[in-house]
Amino acid sequence: NGYVCLGSFFGGLIIQWGNASNVAAGVMIPLPIAMKDAKITCNGKEDSNREAIQCFSVYSIQNTGFHVLSKRADGNTTNDWLDFIAVGHN
């Protein structure tokens, strides 16, 4: 996990990245540092060799973290393994 702050010349832009493993639904995933107006994208990782198709939804984005809900194609909610990139400013 990490971040880079590009400074006032770039409007205080902050880019953050990280990963999370075995995160249950409803648990907040923390950002490396707090920032305003975060936009987040994440890429899911399968937790085993089940080859299940998963759909991720990022919600409740806050200055210090965000939540992700993961559902498999069969409709079951599952724990999350993911990589994320977040962009915002200070």
Side-chain angles (χ1 to χ4, degrees):
N1 297 347
Y3 66 92
V4 62
C5 298
L6 299 179
S8 60
F9 186 74
F10 291 95
L13 183 68
I14 300 171
I15 302 170
Q16 301 189 51
W17 59 90
N19 58 50
S21 298
N22 202 22
V23 178
V27 174
M28 187 167 104
I29 299 170
L31 293 170
I33 63 168
M35 65 180 174
K36 300 176 188 171
D37 301 321
K39 306 299 182 218
I40 298 172
T41 185
C42 58
N43 180 40
K45 298 186 282 189
E46 179 54 54
D47 62 332
S48 69
N49 291 326
R50 293 181 302 186
E51 298 180 9
I53 297 171
Q54 291 180 296
C55 179
F56 286 84
S57 178
V58 175
Y59 69 97
S60 188
I61 298 171
Q62 302 168 12
N63 291 349
T64 58
F66 61 98
H67 295 79
V68 175
L69 177 64
S70 174
K71 285 198 173 187
R72 296 192 310 248
D74 62 9
N76 290 323
T77 301
T78 182
N79 285 6
D80 301 312
W81 279 257
L82 58 98
D83 297 319
F84 68 86
I85 295 176
V87 178
H89 64 89
N90 56 10

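As a basis for the values below, the full set of heavy atoms in this structure was taken, side chains included, without hydrogen atoms, waters or symmetry mates.
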>> Test side chain to side chain contact (heavy atoms under 4.5 Å, CB included) on Thr41 and Asn43; report intermediate values, then the result.
In response: CA-CA 7 Å; Thr41 185; Asn43 180 40; over 6 Å; no
Do you know which two heavy atoms are closest between [X] and [Y], and how far apart they sit?
X: Ile40; Y: Phe84; result: CG2-CB, 4.4 Å
X: Cys42; Y: Val58; result: SG-CG2, 3.6 Å
X: Gly2; Y: Pro32; result: O-CG, 3.6 Å
X: Gly18; Y: Asn1; result: CA-OD1, 2.7 Å
X: Met35; Y: Gln16; result: SD-NE2, 3.2 Å

> Applying ring-ring contact (aromatic ring centres under 6.0 Å, His included), which residue pairs with at least one partner in residues 4-29 are found, sequence neighbours left out?
Replying inline: none
Please report the interatomic distance [atom1]([X]) to [atom2]([Y]), rounded to the nearest 0.5 Å.
X: Ser8; Y: His89; atom1: OG; atom2: NE2; value: 14.0 Å
X: Ile14; Y: Asn90; atom1: CD1; atom2: CG; value: 4.5 Å
X: Ile29; Y: Ile61; atom1: CD1; atom2: CD1; value: 11.0 Å

> What's the verdict on side chain to side chain contact (heavy atoms under 4.5 Å, CB included) for Leu82 and Val68, showing C-alpha distance, side-chain angles and the deciding distance?
Replying inline: CA-CA 9 Å; Leu82 58 98; Val68 175; 4.0 Å; yes
Is there a chain of hydrophobic side chains (I, L, V, M, F, W, Y, each step under 4.5 Å between heavy atoms) that links [X] to [Y]?
X: Val4; Y: Val87; answer: yes
X: Phe66; Y: Ile33; answer: yes
X: Val23; Y: Leu69; answer: no

>> For a side chain to side chain contact (heavy atoms under 4.5 Å, CB included) check, start with the C-alpha distance between Leu31 and Tyr3, then their side-chain angles and the critical distance, and finish with the verdict.
In response: CA-CA 9 Å; Leu31 293 170; Tyr3 66 92; over 6 Å; no
>> Can you confirm whether Asn22 sits close enough to Trp81 that some side-chain heavy atom of one is under 4.5 Å from a side-chain heavy atom of the other?
In response: yes
> With a cut-off of 6.0 Å (strictly less than), are more than 12 heavy atoms of other residues, nucleotides or ligands near CD1 of Ile85?
Replying inline: no
